[in-house]
Structures are given as C-alpha cells and as structure tokens.
Protein chains: 2
Amino acid sequence: METNGAEQLKRLAAARRRGCGVERTLAVLDGKWTTLIVRELLSGPKRFGEIRAALDSPSAKTITDRLRALEHQRIITRTVYPEIPPRVVYELTGDGHSLAGILYEMLIWGEEHPVSEP
Amino acid sequence: METNGAEQLKRLAAARRRGCGVERTLAVLDGKWTTLIVRELLSGPKRFGEIRAALDSPSAKTITDRLRALEHQRIITRTVYPEIPPRVVYELTGDGHSLAGILYEMLIWGEEHPVSEP
DNA sequence: TTATATAATTTCCAAGTGGAAACTAATGGC
DNA sequence: GCCATTAGTTTCCACTTGGAAATTATATAA
C-alpha cells in the first residue's frame, strides 16, 4: 500500500471531489464517546460495566446510545447471556477492528503533539 | 515505523493506561466541521470564502468559530491582507500538515466500508 | 449617491447531546 | 421478606452547537 506523503495528498484531493470517505468515517465515529469505546474494545470483548468504568463513567444512557449506534453500523456485536444478574458482552466486528489504523494514527499524533496553549 | 496489527494493538492498550494520545487528538479535531476544514487545507492555503463554499456552506459563524479554535491550537495560521475588500488566507502549520496520516486512514476506511444499513 | 464585494461579528434562537435520578427485571443470599 | 446485583430504560433538564439574520468597515464602480 502506497502511503508516502505526496500520494496521500493526491488521493485526499481527489476524494474531495467525490462523496468522500472521510465524511463517511466521521459519521461512524460520531458522538463524544464513540471513538473511545472503539479504543476500549480493540483490546478484546468487554462487558457493559467494564466499558463504562474505563471511560470515567459517563451516564448509562450515553453509553447505551453509543453502543446501539455502533451495533447498527455493524462495528460491534452485542451478546446477551441470559443469567441473573444479566451479562452483556460487546465485541468488535471485522469492520470494527479495521478502525485500528485510524486510532493508531490518532494515538501517535496525540503523543507527538502535547497540549501547548500559551 | 512499525505499523503491523499486533504492534498497533499493543501500543493502543498501553496508551489506555496513560493519559492517551487518542483523547488529545479528539480534542483537536472537535466539532462538526473541524476535520473537514483540515481536509480542505491539506491541498493548500485557502481563503475564508473558499473553505465555506467547499463545505456545503455552513453558517459564517460556525466556520469562524472552528477556524479560531484551530488557530489557537496552532493547527492553522491566519493571514490578513489589508485590501478592500479584505482577503484572509488560512494555511496549515507543520503540526496541521502532520494530521494528514489520520485523514488518509479515515479516507481509506470510509471508501472500503460504504453505508450498508438494512 | 448608492450598490457591491469580503470577512467577519453579534444577537437571538432551535435543535441536538449528554447527564442525573428514578425505575425495572429476575434470582440468589441473608 | 428484603437486599444486592447488572444492564438497562425512561423522564426530565441543562448545556452546547450550529444556524439565520442583521450589522460593520471601506474602497471602488456605476
């Protein structure tokens, strides 16, 4: 796969004239917590409570909303184990795992550009 | 640069335990139009009106807000040419250009995963 | 004299988003 | 009988975001 700078810029310019994959991706990674949920699941399947705890505990409603949206877009699967109390496990699909490259680039950029407001 | 899948996942898992570069990047690419403004500027400096027209014309206030935020974070520079009528040109900084890798991964993912809701 | 062009800024408002708190369901343990 | 547990759902509310419209500034053109 060709990934040198000049080639990237050429393809990004071409995409601007079409529908644009960037916009499609932004539509999937939409909402305040969505990208971070994907990041959590990259290290393996997780239960509802584990995801919530890892993210500094946003409200249950927020997590549920985001998980539902990701499920509808086939980024994650949801498995309910009919036990008491209930156990629900979320796991990335193949499409979901393929977001790793984006997350990885975000990680690198963020680490190389720490906050520096004057 | 090591970018195979296993190595990426290992580093993403490690980052989860620190502050996290992903969150830092998300803070920069925040807001509905921010990422698309960066995409526009990757192909070269642009005037205010050009950016607005390229983005299906969101309100002037919205564009101004986003451009100001990007300027404060040193992702873009703003150059005013004291002419009548005024001309203002926005251009990516080095830090701004270095976001190209993220945008490129987003482009590829978006093109390889078209919408497929049932 | 008045319209035009460009890049804003300001005010006001509608819609969207996320959070808090209360409630549910079902079973096992005390 | 009552409580704890897990993963929600529901209702309501506050805050944020973005958009519309009016306004500004100023030299040039008609």
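All chains are named by letter (A, B, ...) in the order of the sequence lines, taking the proteins before the strands, and each is independently numbered beginning at 1. Keep in mind it's a predicted model, so treat the numbers as computed, not measured.
In this structure, B:Arg78 atom CZ and C:dT6 atom C1' are separated by 12 Å, rounded to whole Å. One atom, CD1 of A:Ile84, and another, P of C:dT27, lie 5 Å apart when rounded to the nearest Å. Between A:Asp56 atom CG and C:dA20 atom P the separation is 11 Å, expressed in whole Å. Atom NZ of B:Lys61 is separated from atom P of C:dT9 by 12 Å (rounded to the nearest Å). We find that CD of B:Glu83 is positioned 12 Å from C1' of C:dA7, with the value rounded to whole Å. Atom-to-atom, CD of B:Glu71 to C1' of C:dA7 comes out at 14 Å; the value is rounded to the nearest Å.
Residue B:Arg47 places at least one side-chain N or O closer than 4.0 Å to OP1 or OP2 of C:dA7. Between A:Thr62 and C:dG19, a side-chain N or O to OP1/OP2 separation shorter than 4.0 Å is present.
Using a 4.5 Å heavy-atom threshold, the side chains of B:Ile63 and B:Leu55 count as touching. The shortest distance between side-chain heavy atoms of B:Arg78 and B:Arg68 falls below 4.5 Å. Taking 4.5 Å as the limit, every side-chain heavy atom of A:Arg66 sits out of range of all side-chain heavy atoms of A:Leu36. For the pair A:Val28/B:Trp109, a side-chain contact is recorded, criterion being any heavy-atom separation below 4.5 Å from C-beta on. The shortest distance between side-chain heavy atoms of A:Lys32 and A:Thr62 does not fall below 4.5 Å. Between B:Leu26 and B:Val22, the closest side-chain pair of non-hydrogen atoms falls below 4.5 Å. Contact check for B:Thr79 versus B:Glu91: no side-chain heavy atoms found under the 4.5 Å cut-off. A:Glu112 is not listed as a side-chain neighbour of B:Ser98, based on a closest heavy-atom distance of 4.5 Å or more.
Protein chain B contacts DNA chain D over a range whose 5' and 3' limits, counting nucleotides with an atom under 4.0 angstrom from a non-hydrogen atom, are D:dG18 to D:dA27.
Here B:Tyr90 lies in heavy-atom contact (under 4.0 Å) with sugar-phosphate atoms only. Across all strands shown, A:Arg52 has no heavy atoms under 4.0 Å from either base or sugar-phosphate atoms.
Residues B:Asp65 and B:Gly49 each lie close to DNA chain C; by heavy-atom proximity, the contact nearer the 5' end of the strand is made by B:Gly49.
Within the helix from C:dT1-D:dA30 to C:dC30-D:dG1, the inter-axis angle between the opening and closing five-pair segments is 30°, rounded to 10°.
B:Arg52 places a side-chain N or O within donor-acceptor distance of the main-chain N or O of B:Pro58, the cut-off being under 3.5 Å. Distance alone, capped at 3.5 Å, places no donor-acceptor pair between the A:Arg47 side chain and the A:Tyr90 backbone. One N or O on the side chain of B:Arg24 and one on the backbone of A:His113 form a donor-acceptor pair closer than 3.5 Å.
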Shorter than 3.5 Å, N or O on both sides, protein versus nucleotides 13-17 of chain C: list them out with atom names.
none

